[in-house]
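Chain letters run A, B, ... following the sequence lines, proteins first, then strands; residues in each count from 1.
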There are 4 protein chains.
Amino acid sequence: MARKLVHEQHEGKRQEILAAAHRCFLQHGLQGASISMICKEAGMSPGHLYHYFPSKEAIVEAMANDYLAELHGHFNAHEDGASTATVLLSELWSMKGWDALSHCRILFELLAEAGRNENIHAILKDNTDGIRALLARTLKAGQERGEVDPDLDPGHTSAVLVAILDAAPMLPLMASDIDFEESRKLITTMVARFLQPPITAVGE
Amino acid sequence: MARKLVHEQHEGKRQEILAAAHRCFLQHGLQGASISMICKEAGMSPGHLYHYFPSKEAIVEAMANDYLAELHGHFNAHEDGASTATVLLSELWSMKGWDALSHCRILFELLAEAGRNENIHAILKDNTDGIRALLARTLKAGQERGEVDPDLDPGHTSAVLVAILDAAPMLPLMASDIDFEESRKLITTMVARFLQPPITAVGE
Amino acid sequence: MARKLVHEQHEGKRQEILAAAHRCFLQHGLQGASISMICKEAGMSPGHLYHYFPSKEAIVEAMANDYLAELHGHFNAHEDGASTATVLLSELWSMKGWDALSHCRILFELLAEAGRNENIHAILKDNTDGIRALLARTLKAGQERGEVDPDLDPGHTSAVLVAILDAAPMLPLMASDIDFEESRKLITTMVARFLQPPITAVGE
Amino acid sequence: MARKLVHEQHEGKRQEILAAAHRCFLQHGLQGASISMICKEAGMSPGHLYHYFPSKEAIVEAMANDYLAELHGHFNAHEDGASTATVLLSELWSMKGWDALSHCRILFELLAEAGRNENIHAILKDNTDGIRALLARTLKAGQERGEVDPDLDPGHTSAVLVAILDAAPMLPLMASDIDFEESRKLITTMVARFLQPPITAVGE
DNA sequence: TATGAATGAGGGTTCATTCAT
DNA sequence: GATGAATGAACCCTCATTCAT
C-alpha cells in the first residue's frame, strides 16, 4: 500500500519533469534547452532530477514517447465507432489543445531529431506504426462498406494520412492568414476527396 | 577585372562554408553542429570562417535562405508552362536530388527553429510566400481552364500544397516500407483528386 | 544553524575568488587577467567560479566595491575622534597594507576603467562620495575650531583630498628615489599648509 | 630630396596610426582596443599597419612616448621665464585641450600599465624625470629668490607636483559637481600654500 | 528525498600576427 | 605601399553530469 503510494509520487515527479522539459524544449529546442533550465522550470536541483532520469537523452526519449502516446490515445478513443477514415481524421482535428499549435510544434523537433538519432527514430516509428495500423484497419472497413476507394493500399495510405496530420502545424507557421478552422476545413476536404471512390464508378 | 575575380573567390568561399554547414546541420542539427565542426568540414580555421560570416546565426540564416531559394528556383523553371497545378506538383517531385531525402531533411530543422526564432520564421515565410504566389497563379489559371475546382480558394490551397510538399520527406522517415516512387504516386493522386472539379457537377 | 553555515561558506568562497581576482588584476590588469587565470589562482574550475559570479564584469565590480569599501572603512574607524583633517589624513596614511603599494595600484586600473565603464564609474563615485562626506564633516568641524581655513569650501576641498589620496601610489611608480615614509611626510606637509588658516589674518 | 619626402610621408602615416590608436585606447583601454579596431579607425588594413609598427606593444609604447613628450613640451615652452613654480603650474593648467579630460584620461591607462609593464614604466619614468628636473630647477630658483620654502627638497617636491598634475583628471571623474575652473583654482591654491615659505619667518 | 558544490570539455567568438599577392 | 585571406590559441562562458552531504 505504502509502496504503491511511493511509486505514484515518484511517477508524479517524473511527469512534472517531463512537462517542464516539454515547455523548455518548445522554447529552446531539444538541444537548446539545458538541464539547468529544465531544473529551474521544474523547481528542482540537478542532483534531484538525475534521481528520476539517468540522462538528458532519457528525458527527451520519455517526453517523445509520452507525447506521441497521447496522440495515439486520441485515436483509440474513436476506434470502436464504425466511422470512415474521413470522419476519424475530422474528429482527430477537433482534439483538445491541438489548435494551440505551440503544444504540438514539438513534432518538428522530433522529426528533425529522428533523422539523426536512432532512438528517437525508433520511438517515432513505433508510435506511428500503431496509428497507421489503426488507420489501415479503418480504411479497410471503409473499403468494405464502399466508402473508400478500393484501389488505395491501406498501409501506404495510412502513412500519407499520418504525414498530413503531422504536417498540419506547419500551416499557421508558414501562412499567418490561415487560421485553425480554415486549415481544418481545407485538409478535411482534401482527405475526403482523396479517399472517396472514383466518381466514374458511381456513374456507371 | 581582378577586383571582380576577388569578389567571386570570396563568394565561392562563402558557398563552400554554407555547403559544409549544411552537411553538419544535417548530421547534428542546427544547434548540435558546432562552429569548430563546420570549420573542420570546410577545411578552415575558426578565425577565417568569421571573415565570411559574422556569427553562427548568420550562417544558419544564409543557409536557410539559399536552401529555400533553390526550391523556389525549381518552381520558376516550370512557370511559363500552362500546365495545371497537378502537373506542376508532379514535376516538382521529379526534381533532381529531391529523392535523396537526406538533403531536404533540413526542412524539419528549419521548421522547428522557425517556431522559436523570429529571423528564421521570416526567412521561411518570405520564401514560402514566393512559392505560394506562384502556385496560386497556376491554380487560378487551372480554374479558368476548368481543370481546378473553382470553389477552392487559390491562396489557401497554395498553402496546403506547400505544406504537403514540405511534409513529403516525413514519409520515408516514418514508414520505411514506402519508397520514393510509391509516395510520389500516392501524393500525386491525392493532390489530383483534391484539386479536380467535383464530378457530380459534370454529370448533371 | 546549518543553513547559516552554508551561507557563510558560500560567502567565504566568494571572498577567496575576489582575492584571487585582485591578485590577477594587479599582475595583468582588469582586461588582461583572464577567467582561467583567476580560476587557477583560486584553485577552481571555470564552471564552478560561475556558480559564484555571473560574469567577469560582476567579479570586477564586486572587487572594486570591496576594495573601495575597505578604504572607506578605514576612515570610519577614525570618525569619532575630534581630530582635524590633517591628523585624519596622516592617520589614514599609516594604515596597514597601504605602504605595500602593490595592493593599491589597483586604483589606477579602476580609474582607467571608470572613464569608459559606467558601472565602475558609479561604484567609484558612490564610494568616493562616502569618504568625501566624511571628510567634509571633519573639515567643517575643523573650521569651527579655527584649525581649518574657513574660506575653503568643504565639499570641494574634500574632493581634492581624496584625489591626493588616490594619487599617492603614483609617487613611487614615477620616482623610485622616494620611499613611502618620505612621500608621507611631503604630502602631510602639503595638506597641512593647504588647510591651515592664512597666518596673515592671525598676525593682524 | 625624394628620399626625405618619402620619409616624411612615412612619419605622417605613423602619426595617423598613433592618433587612431589613442582614440581607440581611450574608448576601450590599452588591452581592450584591438589591432583590427585601430586599423578600422585609421582606415588601414592590418597588413599595412604592421608595415609601420612591428607589434601592438610597439604602438602602445610609441603612443605613450608621444603623449608624454607633448606634456613635456608644454613645460619647455615656459622654461626660460623666471616664474616661480606656482606660476608654472598655473600656466600648465591653462594648456590647450587639457580641460577636455577625455584627452588625458589615457594617463590612468599608462599608470596602470606602468605598474606591470617594465617598458611602459621606463617610458613613464624617463618622461617624468625630464619634467621633474625642470621643476626642480625652477623650484631652486624660487628658493633663491625667497619665493619658495627653502626647507623643501627640490627633487622630492618636484615629484609631488608631477603627481598632483597627473591626478588632476581624477577630480571630474569622482566629483561631477566640480568643473575644470573650480579644480584649477583649488589646486593652484593648494600648491601655492605648499610652496610658500613659512609665514612665521615673515613675522619675525 | 533533496541540495548545490564541483568538474573540465567544449560552446561561439576575437585576438595579434603573417603572408601571398 | 597596400590588401585581406589565413591561422590557431585564447577569450568568456555554459554544458551534462557526479558526488558529498
Side-chain angles (χ1 to χ4, degrees), chain A residues 6 9-10 13 31-39 42-60, chain B residues 2-3 5-7 9-10 12-13 31-40 42-60, chain C residues 2-3 5-7 9-10 12-13 31-40 42-60, chain D residues 6 9-10 13 31-39 42-60:
Chain A
V6 164
Q9 276 180 357
H10 188 89
K13 279 277 181 190
Q31 300 169 333
S34 71
I35 288 285
S36 77
M37 276 182 48
I38 297 173
C39 286
M44 214 171 239
S45 66
H48 197 28
L49 183 142
Y50 274 84
H51 200 78
Y52 294 93
F53 293 94
S55 67
K56 184 184 174 184
E57 209 187 342
I59 295 178
V60 172
Chain B
R3 182 72 66 86
L5 199 73
V6 163
H7 181 265
Q9 274 180 358
H10 188 91
K13 279 276 180 192
Q31 307 177 356
S34 71
I35 287 287
S36 76
M37 279 181 47
I38 297 173
C39 286
K40 218 164 286 173
M44 213 173 236
S45 66
H48 195 29
L49 183 142
Y50 276 84
H51 228 72
Y52 295 93
F53 294 94
S55 66
K56 185 184 175 184
E57 208 187 343
I59 295 178
V60 171
Chain C
R3 180 73 66 86
L5 199 72
V6 163
H7 180 265
Q9 275 179 359
H10 188 91
K13 279 276 181 192
Q31 307 179 355
S34 72
I35 287 286
S36 77
M37 277 181 46
I38 297 173
C39 286
K40 218 165 286 173
M44 213 173 233
S45 67
H48 195 29
L49 183 143
Y50 277 85
H51 228 73
Y52 295 93
F53 293 94
S55 66
K56 184 185 174 185
E57 207 187 344
I59 296 179
V60 171
Chain D
V6 164
Q9 275 181 356
H10 188 88
K13 279 277 182 189
Q31 301 170 335
S34 71
I35 289 285
S36 78
M37 276 183 49
I38 297 173
C39 286
M44 213 172 240
S45 67
H48 198 27
L49 183 142
Y50 274 84
H51 199 77
Y52 294 93
F53 293 94
S55 67
K56 183 185 174 184
E57 209 187 342
I59 296 179
V60 172

Examine E:dA5: is either OP1 or OP2 under 4.0 Å from a nitrogen or oxygen in the side chain of C:His10? Give yes or no.
-> yes
Grab the [atom1]-[atom2] distance between [X] and [N] for me, whole Å please.
X       : N      : atom1 : atom2 : result
B:Gln9  : F:dA5  : CD    : C1'   : 10 Å
D:Lys13 : F:dG1  : NZ    : P     : 10 Å
A:Ile38 : F:dC15 : CD1   : C1'   : 12 Å
B:Ile59 : E:dG12 : CD1   : C1'   : 10 Å

Can you name the closest pair of heavy atoms from A:Cys39 and A:Pro46 and give their distance?
->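 Smallest interatomic distance, heavy atoms only, reads SG-CA, 3.4 Å.
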Determine the minimum heavy-atom distance between D:His51 and D:His10, stating which atoms define it.
->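 Heavy atoms only, the tightest pair is O-CE1, 4.4 Å.
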Test item: B:Met44 and B:Lys13 side chains (from C-beta on) under 4.5 Å apart, heavy atoms = yes
For C:Lys40 and C:Ile35, indicate whether the former's side chain and the latter's backbone hold a donor-acceptor pair under 3.5 Å.
->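 Not confirmed, C:Lys40 side chain does not pair with C:Ile35 backbone.
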State the CD1-CD1 distance between A:Ile59 and A:Ile38, to the nearest 0.5 angstrom.
-> 5.0 Å
Give each stem of DNA chain E as a range with a range, requiring at least 3 consecutive Watson-Crick or G-U wobble pairs whose two distances are under 3.5 Å.
->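 Stems (3+ consecutive pairs) listed as E:2-21 with F:2-21.
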5′-ward residue of the pair A:His51/C:Gly43 relative to DNA chain E | A:His51
If you look at every strand shown and take non-hydrogen atoms under 4.0 Å, does D:Tyr52 touch a base, only sugar-phosphate, or nothing?
-> sugar-phosphate
Produce a footprint string for nucleotides 14-21 of chain E: one letter per nucleotide, 5' end first; B if the base is under 4.0 Å from any protein heavy atom, S if only the sugar-phosphate is, - if neither.
-> BBSBBB--
Do the rings of A:His48 and A:Tyr52 sit parallel, tilted or perpendicular, given the 30° and 60° boundaries?
-> perpendicular
